[in-house]
Amino acid sequence: EEKMRQQQQEQQRQQMEAQRRQQMEELQRRKREEEARTRLEQHAALTARKSINDLRAATPENFAELCQKVQEVLGQELPRCGSMAQRCQQDAAEQIEQARQRCEAVQEQRKRDEERKVEETQAFEEQQEGHKKQLGELVGLVEKAEATCGKLKEAAAPLEGGAFTAAQAADLQKVVNAAGAETKVACKEALDFVLAQRQRLEPASALLLSTQAEEVKKFVDDAREELLNLQKRIAECLTLAITSSVAAKAAGDKAVKRDTASRRMDKRGAGFDKYDKNRDGFLNEKELTEYAKGEFGFAVPKDGAAKIMALLAEAKKGVPKAKFHDLKVAVGVMREEEASKDRIKKAQERKKFIEDKKAAYTADVGKVAESIEEVDKEVKKAEEKAVPLKAEEITKLSAADLSQALTSAQEQLTATKDEIESVRKQIKDLDQDLLVELASFVRLECRKLEVKLDLFAPRLAQVNLAYEKGKSHLVRQEQRELEMLRSEAAKAVKAFATEKKLSQDDLIKAMDKDGDGSVSKGDFTAFLEGCDGLKLEGSQVDKLYALLDESNTGAIPQDTLLCFIRVYYRVIQDTVITTEQSIKGSKTVRRLEVDEIVEALEGPVEEEDVKIKRIRASALRDSSEGWITVMGNNDTVFLEEHPPLFRLVAAAPLTKEIEATSEAIKALPIGEPVEVLDWDKKDEAGHSRLRVRTRGGAGGGEERVTGWLAGPAGGEAAILKLEPRTS
């Protein structure tokens, strides 16, 4: 059974193999038939397209024949084209239509060419006729010009003869010029005609037959040749007219020159006769000397007269009339020789004068150079005076010594500058009224001197810089001393008020004895003398009073006194404001930040339990009031006394009154130092304003000014920055 099953499977496999082989053979047969059919269609289509492409070369003569041939080929090949039959038929129709259009265009072009040829032939004939007519007119004009030329030749014929007098030459020139003018007019008439009728006289080949037939070419060439010949004849007539006029003028000029020379010779002969006193036909030495003196104003030297006689005299008789012109030349040469000697003498004298002047200028330059050496000594003195004003030395000086050093430096600096200006004037004087020959020499020497003088400028600039720095330092030192004096007095007054338990109003009343609202100098001095521990000299009291008496009225207003007795502290370490003097049981009002400013209202007082110093104060930022620790029990410092000194961080106007719209008395720049006198005052519009006093600029050398600035806007003043305590 297994064997039979295997045999059945083998038979089935063979049958399936035979079926596949049969199918493959059928597919190959169909493919061969398809390829044969395709080749047949392609051959038929190629034959049809070849016939269709012949239409591209169709002409009106063979168009019908080619169309018939295409129809016959299509009739034979289209049935065998298969799928390409429709495309071949469309191509045939398109090519036939395109060929028809081309043939029609060719026929139309041939028709236009024929019409153009007829028109060009007619135009050529008309041009020939016009050319012939215009050429005849031009020939007549040229012949007319040649006729006038003949008359000109007859008129100019005498020019070939001999010499003429000036009058004869003038008459002949008139006749020749008249004939020449007539010839020029005739030539111009002919040339104008040529310009006006050039298109007819010289036809352009581009306007004639497009075929450029031999007949046309010959006509054009002949026309040009004829016109050139006629123009040549016109040019010859013009040339004759010009040359004749030139020859006539030359003959006239020659005759005039001949007459002029004749008159000159006659005049020369008359001059010779004038000085030939003895009428012997010769000028002797005496007569020669008189001739030079009379004609040229020249006194001939004795040896000069002998030289001339030796050169020109004949047989010791003198200078003959024939050599009169040579005599004139010899006298002229001798005059020039004498003049040359005189010029040489003057040049030598001028040279000596210049040398003497140069020596004088050199001596003056030497004197100025000596003055510059003296200036150098003065500059060295100024530099020595500036030594104590240098940064490393200035801090060692007291205010009095610094003031004396500044005065000495200023006096020396002024003297040195005056000396430099004096030398500059000397240099300038050297450059005045210069001789032309010495201008470059003197200016070069002056420039050298100026260069030497300019070398002192940077040295003096350093001295001046040291002086300015010393001056600024002195002002700051005086301000610091004055500030310390004010602070010391304010502390003493505050201590007095604390000891006596006086309010601010009571303290003001204690100073203002007469109750007039201001404190006189006597009241102020008496009050300070009553403050324990305050020992001030009379000059110190005067300085302090002058500081407070801003208006110099002899009385201190109450508001100024209030500013004076106020004591300000700066926060140097974070701390808090509390409600009570004692820390225990006290509540925090708010924290204080570093660099905040507070105004002391009471204290400092020491809290016995914890051994700390406290003050009652008001924060300037927001008017928060309470108690603040000044120094802790372990010597930690939270507050330090600090005057209300600030610098502007933004430019702002300083107004005269509290209102922002009031008159601006000064524009304060960035960095301007100010002292705040009143905090957070309100104007009518409700804006916060500060009353401040300037500190005399960055160096303190300007006058102090009091006025109003914009105040804080929701915090510390936006335009102010706290100034370091050291300033």
Side-chain angles (χ1 to χ4, degrees), residues 353-479 666-667 669 671 696-704:
F353 175 73
I354 295 298
E355 289 175 351
D356 294 341
K357 273 287 186 181
K358 186 175 182 180
Y361 278 128
T362 303
D364 292 341
V365 169
K367 292 178 181 179
V368 176
E370 293 175 359
S371 299
I372 292 177
E373 292 178 0
E374 294 299 323
V375 170
D376 183 55
K377 295 178 181 178
E378 294 297 321
V379 172
K380 288 180 180 178
K381 291 180 181 179
E383 291 173 336
E384 292 172 358
K385 298 288 185 181
V387 170
L389 304 179
K390 293 184 178 179
E392 58 272 13
E393 299 291 337
I394 198 169
T395 55
K396 302 176 183 178
L397 300 178
S398 64
D401 292 339
L402 179 57
S403 177
Q404 183 178 356
L406 285 171
T407 302
S408 178
Q410 174 64 19
E411 291 175 353
Q412 183 60 41
L413 196 59
T414 301
T416 304
K417 290 181 178 178
D418 292 343
E419 186 68 22
I420 289 176
E421 288 303 316
S422 175
V423 174
R424 288 195 186 278
K425 186 177 183 305
Q426 294 178 37
I427 295 174
K428 187 176 180 181
D429 291 342
L430 288 176
D431 198 11
Q432 301 298 320
D433 302 327
L434 293 178
L435 297 174
V436 176
E437 295 87 345
L438 294 177
S440 59
F441 164 74
V442 174
R443 285 169 184 162
L444 178 61
E445 294 300 320
C446 288
R447 182 56 189 154
K448 291 178 182 178
L449 295 173
E450 288 173 352
V451 170
K452 289 182 179 179
L453 209 56
D454 291 342
L455 294 177
F456 298 131
R459 294 168 63 186
L460 288 179
Q462 292 297 321
V463 174
N464 193 67
L465 179 62
Y467 171 78
E468 293 297 332
K469 288 183 177 179
K471 184 178 177 183
S472 299
H473 182 82
L474 177 61
V475 172
R476 289 195 299 270
Q477 187 174 358
E478 290 176 344
Q479 286 182 350
K666 187 176 182 181
E702 299 177 7
E703 180 182 358
R704 294 189 175 197

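Residues: numbered from 1 along the sequence shown.
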Applying side chain to side chain contact (heavy atoms under 4.5 Å, CB included), can you list everything that pairs with [X], at least two apart in sequence or on another chain?
X	answer
Asp418	Thr414
Asp433	none
Arg447	Glu450, Val451, Asp454
Glu384	none

Measure the spacing between [atom1] of [X] and [atom2] of [Y] and express it to the nearest 0.5 Å.
X	Y	atom1	atom2	answer
Arg443	Leu438	CZ	CG	11.0 Å
Glu421	Leu453	CD	CG	8.5 Å
Asp356	Tyr361	CG	OH	12.5 Å
Ile394	Lys469	CD1	NZ	10.0 Å
Leu455	Leu460	CG	CG	11.5 Å
Leu430	Cys446	CG	SG	4.5 Å

Residue pair [X] / [Y]: nearest heavy atoms and the distance that separates them:
X	Y	result
Ala439	Leu434	CA-CD1, 4.0 Å
Tyr467	Leu406	CE1-O, 3.4 Å
Ala409	Leu389	CB-CD1, 4.0 Å
Thr416	Ala382	OG1-CB, 4.1 Å

Reference residue Gln412; test side-chain hydrogen bond (donor to acceptor under 3.5 Å, both in side chains); the match among Lys417, Glu383, Glu378: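 Only one of Lys417, Glu383, Glu378 forms a side-chain hydrogen bond (donor to acceptor under 3.5 Å, both in side chains) with Gln412, namely Glu378.
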Please tabulate, for the side chains in residues 362-377, all donor-acceptor contacts under 3.5 angstrom to protein atoms that are two or more places apart in sequence or on a different chain.
| residue | atom | partner | partner atom | Å |
| --- | --- | --- | --- | --- |
| Thr362 | OG1 | Lys358 | O | 2.7 |
| Ser371 | OG | Lys367 | O | 3.2 |
| Asp376 | OD1 | Arg459 | NH1 | 3.0 |

I'd like to check the salt bridge (Lys or Arg N to Asp or Glu O under 4.0 Å) partners of Glu445; sequence neighbours left out, ordered by chain and number.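 Expected list: Lys448.
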Step through the shown structure and confirm whether more than 12 heavy atoms of other residues, nucleotides or ligands are within 6.0 Å of CD on Glu437.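 For Glu437, atom CD is crowded (more than 12 foreign heavy atoms under 6.0 Å).
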A side-chain contact here means heavy atoms from C-beta on lying under 4.5 Å apart; do Leu435 and Phe353 qualify?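 Yes, their side chains come closer than 4.5 Å.
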